[in-house]
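Please read the structure below before turning to the comments.
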Amino acid sequence: MEKSSKTIIVGVTGGIAAYKSVELVSSLVKLGHEVHVILTKSAQDFITPLTFQTITKQHVWLDQLNLDREEYVPHVDLGAKADLVVIAPASANTIAKITWGLADNILTSTILATKAPILLAPAMNVNMYQNTVTQGNLNRLKELGCYFVEPEEGILACGVVGKGRLAATSKILEAIDRILYPNLDFLGKTVLITAGGTQEAIDPVRYIGNRSSGKMGFALAREAQRKGARVILVAGPTHIEPPLGVEYFPIVSSQEMYDKVLEFYSISDIVLMAAAVADYKPTISFTKKHKKESGNLVLGLQRTPDILFELGQNKKEQILVGFAAETEDLLANAEAKLNKKNLDLIVANDITKPGAGFNSDTNIVTLVFPNGKKVALPQLHKADIAAKILDAVTELPLFKLKKQ
Ligand code: PMT
């Protein structure tokens, strides 16, 4: 497919890596894109507008008002015409402003005004990068759907060795290419995803639940949608926002999840069961708040339906992906579940590891396939784990067969 030229806004923030954005902008212009550069005030201490104006043959946007120009409201105009907004280098300061929705300069205002995808290439001192506040901001932006090119390790301008160097121009160009010309492997596919934990009522105010936040399932939903799928997301109670544009069905109990999943199973091509479904529910659910009495209360528990097992029993052409949350014998237990539930892939997470499993922004998983193949992934943000899982789905024989 021929790649059409696009309109790209490149924001440059203050940092020694600002000079590297010249190579980036120049490469984008050579590729035929229309590039508009915005320099923050501190970026202008490192590099001049004239450099970018000469390369792009476009006005370079600073914070001064230009009453002689035809753009009535420049940030709205730039935001509207952008196919992509790239910030390289992205400083800790600008990342923090974007996270919290500040719009105190033309770059941050353009970010708020645009509906285009946003790609950030952070560059800063290693301690600033690793700072919990910066990491929290990066995670929040990932959850909101921003794209990132990770900084590289090396000798930083301050003389310290560590992670914080602006990614190589080739890597940023590769990321831009992937966003502008997305891989639509899942176009025409319906992907049914479960997320979060179920709650099994004891009475109107108490329940049996688990610590699932929904982050893993929501990351899968976002990624499947990016790859062109119709996404049906069935999720237990969660504090995070579902991705825009997915068909979202909030549920509470395992029975409600069962009903919703079964409703959509026959029209689904791929099912990704990231939810932590309660295996047991109370035998009695009191209709009124249960008053405490002297002595113990014995709560009887009964099995809930194993949704995934039932899907496996009634599988036609669907691809079924399960998750295994384990505290011991990770791979053996995951393989047993893969076979018992008739799955095409199981994602095994050892939830005892820091940075893995419930409620964490990252996960550490091993992909286990029916032919015995195992792919262990390093600790990655759940957005990146989701991308790897969907890539693995495209490699499954059934997926390839249906593509032909
Ligand atoms: O939501 P997060 O905070 O991001 O956390 C993500 C996660 C840890 C919840 C996720 O990565 C994960 O591991 N989900 C599955 C947790 C789990 O319940 O595993 P399990 O081993 O009990 O169940 C195996 C599979 O059967 C799962 O795909 C589960 O969705 C499914 N199942 C389980 C019980 C049941 N009654 N019905 C089911 O369909």
Side-chain angles (χ1 to χ4, degrees), residues 3 6 8-31 33 35 37-40 43 46-47 82-99 107-108 110-111 114 116-126 128-131 134-157 162-183 219 222-223 226-227 361-362 377-388 390-391:
K3 292 180 177 175
K6 304 280 183 183
I8 303 174
I9 312 295
V10 177
V12 183
T13 70
I16 186 62
Y19 78 90
K20 295 187 187 167
S21 56
V22 175
E23 189 191 4
L24 175 68
V25 168
S26 164
S27 308
L28 291 172
V29 171
K30 282 184 193 145
L31 286 167
H33 300 300
V35 183
V37 175
I38 303 175
L39 295 184
T40 62
F46 291 92
I47 191 122
D83 291 306
L84 172 69
V85 182
V86 183
I87 307 187
S91 65
N93 183 43
T94 293
I95 288 169
K97 287 183 190 177
I98 298 172
T99 309
L107 177 58
T108 49
T110 303
I111 291 282
T114 194
I118 297 164
L119 172 69
L120 302 173
M124 64 196 75
N125 160 271
V126 59
M128 291 172 80
Y129 181 69
Q130 285 170 351
N131 187 294
T134 306
Q135 285 300 315
N137 291 340
L138 294 172
N139 284 332
R140 169 106 182 99
L141 289 176
K142 278 182 188 171
E143 271 170 29
L144 291 174
C146 287
Y147 296 87
F148 280 86
V149 190
E150 295 282 314
E152 292 175 357
E153 301 234 2
I155 303 176
L156 307 178
K163 193 169 179 179
R165 225 166 53 176
L166 182 68
T169 303
S170 58
K171 281 208 177 134
I172 303 176
L173 287 170
E174 207 182 296
I176 291 174
D177 209 55
R178 274 207 306 273
I179 300 166
L180 289 178
Y181 313 102
N183 153 349
R222 195 171 289 114
E223 192 57 30
R226 273 182 185 160
K227 288 187 187 297
D361 288 320
T362 58
L377 298 177
Q379 181 175 353
L380 293 171
H381 192 278
K382 282 179 177 166
D384 301 317
I385 297 270
K388 301 266 184 214
L390 292 185
D391 285 346

Study note, to complete from the structure: Correct closest heavy-atom pair for Ala82 and Ile9 would be CB-CG1, 3.5 Å
Review point. Are any non-hydrogen side-chain atoms of Leu180 and Ile8 less than 4.5 angstrom apart?
Key: yes
Practice item. Kindly check if the number of other-residue, nucleotide or ligand heavy atoms within 6.0 Å of NZ (Lys388) is above 12? Key: no
When the side chains of residues 83-94 are checked against the rest of the protein, which donor-acceptor pairs come out under 3.5 Å, sequence neighbours left out?
| unit_1 | atom_1 | unit_2 | atom_2 | d |
| --- | --- | --- | --- | --- |
| Asp83 | OD2 | Thr7 | N | 2.7 |
| Ser91 | OG | Thr94 | N | 3.2 |
| Ser91 | OG | Thr94 | OG1 | 3.4 |

Review point. Can you name the closest pair of heavy atoms from Thr134 and Met128 and give their distance?
Key: OG1-O, 2.8 Å
Could you pull out all donor-acceptor pairs under 3.5 Å where a side-chain atom in residues 141-149 meets a protein atom, sequence neighbours excluded?
| unit_1 | atom_1 | unit_2 | atom_2 | d |
| --- | --- | --- | --- | --- |
| Lys142 | NZ | Glu150 | OE2 | 3.3 |
| Tyr147 | OH | Arg226 | NE | 2.9 |

Check your understanding: Is a side-chain donor or acceptor of Thr114 paired with a backbone partner of Thr110 at a separation under 3.5 angstrom?
Key -> no
Check your understanding: So, Asp391 and Lys227, do they make that salt bridge, N to O below 4.0 Å?
Key -> yes
**Study point:** N/O donor-acceptor pair under 3.5 Å between Glu152 side chain and Lys163 backbone
**Key:** no
Practice item. Using the side-chain contact (heavy atoms from CB on, under 4.5 Å) rule, take Ile179 and Leu119 through it: C-alpha gap first, then chi angles, then the decisive distance, then the call. Key: CA-CA 9 Å; Ile179 300 166; Leu119 172 69; 4.0 Å; yes
Check your understanding: Does a side-chain heavy-atom distance below 4.5 Å link Asn139 with His381?
Key -> yes
Study note, to complete from the structure: Nearest heavy-atom contact between Ile172 and Ala121 is CD1-CB, 4.0 Å
Check your understanding: Residues two or more places apart in sequence or in another chain: which of them pass salt bridge (Lys or Arg N to Asp or Glu O under 4.0 Å) with Asp384?
Key -> none
Review point. Any side-chain heavy atom of Arg165 sitting closer than 4.5 Å to one from Lys20?
Key: yes
**Study point:** Minimum side-chain heavy-atom gap Phe46-Val12 below 4.5 Å
**Key:** no
Check your understanding: Quick one: does Ile176's side chain get under 4.5 Å of Lys6's, heavy atoms only?
Key -> no
Practice item. Hey, could you give me the CD/CD1 distance between Gln135 and Ile95, rounded to the nearest 0.5 Å? Key: 9.5 Å
Review point. Just how far is it from atom CG of Leu390 to atom CD of Glu223, taken to the nearest 0.5 Å?
Key: 6.0 Å
Check your understanding: Within a strict 4.5 Å, meaning less than it, do heavy atoms of the Leu173 and Leu24 side chains meet?
Key -> yes
Point to revise | Heavy-atom side-chain proximity of Ile111 to Lys97 below 4.5 angstrom | key: no
Review point. Looking only at heavy atoms, what is the nearest atom pair of Thr13 and Ala18, with distance?
Key: O-CB, 4.0 Å
Check your understanding: Between Arg140 and Thr99, which heavy-atom pair has the shortest distance, and what is it?
Key -> CG-CG2, 3.7 Å
Point to revise | Minimal non-hydrogen separation, Tyr129 against Leu138, with atom names | key: CE1-CD1, 3.6 Å
